[in-house]
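Below: the structure, in structure tokens.
Keep in mind that this is a model prediction, so the values were computed, not measured.
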Amino acid sequence: AVPAPPPDETDRLSVAIARDRVEDSLPGDVSEADLMRRYGVPRAAVLKVLARLAEVGLVERKRGHGWRFLPAAYARDESYAFRLQVEPAALLSPGFGIAPAWLQSMRERHLAIMSTPWRDTTAVALFDLNAEFHEGLAAASGNRYYAMAVAQQNRLRRFVNVHWTEGAERVQVSCREHLEILERVAAGEREVAAALMRRHLQLASAL
């Protein structure tokens with residue numbers, strides 16, 4: 001399988017901002033100039049990240065000047081409640097169809113992550129693989145609205161979850177759950193796969 005490309009400038013800035021927000025070293029109210037100075041990036045990069053975060057309800061423009069971060073915990077809870085409705089349903093869609101090559105690539109990449117010693121920098125690759133797993137299954141539904149909804153949730157999750165704090169053991173658990181879902185999908189057992197997806201999301205939401 002071809003490895004995922006390295007994160008671009010927007011991804012790196014998003015990760016840096018996420019880490020600083022988790023560690024409470026970045027204030028809730030900021031200006032574009034503040035972010036440019038803090039991270040040494042041009043205004044265009046700052047605006048791109050802020051637009052991405054505003055799209056999923058994590059920041060809002062203040063009246064007059066500056067930006068305000070909104071409480072990510074509430075967005076996270078709402079996100080999981082939404083995904084619990086959408087992602088199992090996507091697996092049961094009448095138009096569902098999956099490419100064997102995609103399934104094989106997903107298996108190989110999950111096994112590679114599981115066999116690689118964990119480093120902090122692995123968090124981006126893990127998130128990208130996780131996002132591709134969920135988006136790929138939603139796209140396989142044959143329903144563009146399922147695919148669009150899961151892609152938007154991943155943009156939200158990139159900011160909330162990319163600063164991984166759950167430890168290497170949780171990586172193993174999450175990957176094993178993904179692999180079990182993939183095996184059921186490959187076997188045509190979509191009702192079982194949907195039940196496993198529901199359990200996977202419920203366990204993740206409780207962390």
Side-chain angles (χ1 to χ4, degrees), residues 1-8 10-12 14-15 52 55-56 79-119 121-162 164 166 168-205 207:
V2 177
D8 62 16
T10 305
D11 288 337
R12 286 192 292 268
S14 295
V15 171
R52 174 186 288 180
E55 182 183 350
V56 292
S79 173
Y80 272 109
F82 178 70
R83 292 175 63 203
L84 275 163
Q85 298 298 316
V86 170
E87 296 197 41
L91 289 168
L92 299 175
S93 175
F96 189 91
I98 198 81
W102 183 86
L103 285 170
Q104 185 60 28
S105 173
M106 279 289 110
R107 290 191 194 99
E108 291 174 357
R109 291 173 60 192
H110 276 80
L111 291 171
I113 284 277
M114 293 173 75
S115 64
T116 301
W118 179 259
R119 301 180 180 86
T121 53
T122 312
V124 172
L126 174 66
F127 179 85
D128 287 341
L129 176 59
N130 188 62
E132 288 181 48
F133 168 82
H134 288 280
E135 286 186 36
L137 291 176
S141 70
N143 184 319
R144 73 189 68 184
Y145 296 104
Y146 285 141
M148 290 166 58
V150 173
Q152 185 194 45
Q153 290 304 304
N154 277 333
R155 288 194 291 274
L156 167 63
R157 292 170 58 237
R158 177 174 291 278
F159 182 79
V160 176
N161 292 347
V162 79
W164 187 265
E166 301 300 334
E169 177 55 32
R170 177 60 198 165
V171 175
Q172 300 292 318
V173 171
S174 181
C175 285
R176 284 196 295 270
E177 291 172 359
H178 282 191
L179 287 169
E180 189 175 5
I181 292 167
L182 291 172
E183 290 306 313
R184 297 296 186 170
V185 169
E189 300 173 358
R190 291 195 285 133
E191 297 235 0
V192 178
L196 292 172
M197 177 67 80
R198 189 173 294 107
R199 185 185 70 177
H200 172 64
L201 294 172
Q202 287 171 335
L203 292 173
S205 71
L207 292 175

Closest heavy-atom contact between [X] and [Y]?
X: L182; Y: W102; result: CD2-CZ3, 3.8 Å
X: A140; Y: I98; result: CB-CD1, 3.5 Å
X: A147; Y: A139; result: CB-CA, 3.9 Å
X: A204; Y: Y80; result: CB-OH, 3.5 Å
X: L91; Y: M197; result: CD1-CB, 3.9 Å
X: R83; Y: L201; result: NH2-CD2, 3.3 Å

Can you measure from [atom1] ([X]) to [atom2] ([Y]) and round to the nearest 0.5 angstrom?
X: N154; Y: E135; atom1: CG; atom2: CD; result: 4.5 Å
X: H110; Y: E177; atom1: NE2; atom2: CD; result: 10.5 Å
X: H134; Y: L129; atom1: NE2; atom2: CG; result: 9.5 Å
X: L137; Y: L103; atom1: CG; atom2: CG; result: 8.0 Å

Side-chain donor/acceptor of [X] to backbone N/O of [Y], under 3.5 Å:
X: R107; Y: E183; value: no
X: S174; Y: V171; value: no
X: T116; Y: A112; value: yes

Pairwise side-chain contact, [X] with [Y], heavy-atom cut-off 4.5 Å (strictly under):
X: E87; Y: H200; answer: no
X: P100; Y: Q104; answer: no
X: V86; Y: Q153; answer: no

Between R199 and Q202, does any side-chain donor sit less than 3.5 Å from a side-chain acceptor?
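No donor-acceptor contact under 3.5 Å links the two side chains.
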Is the number of heavy atoms from other residues, nucleotides or ligands within 6.0 Å of CD (E189) greater than 12?
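Buried by this count: over 12 neighbours within 6.0 Å.
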Students often mix this up, so state it plainly: with edges at 30° and 60°, are the rings of H178 and F133 parallel, tilted or perpendicular?
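Geometry flag for F133 against H178: parallel rings.
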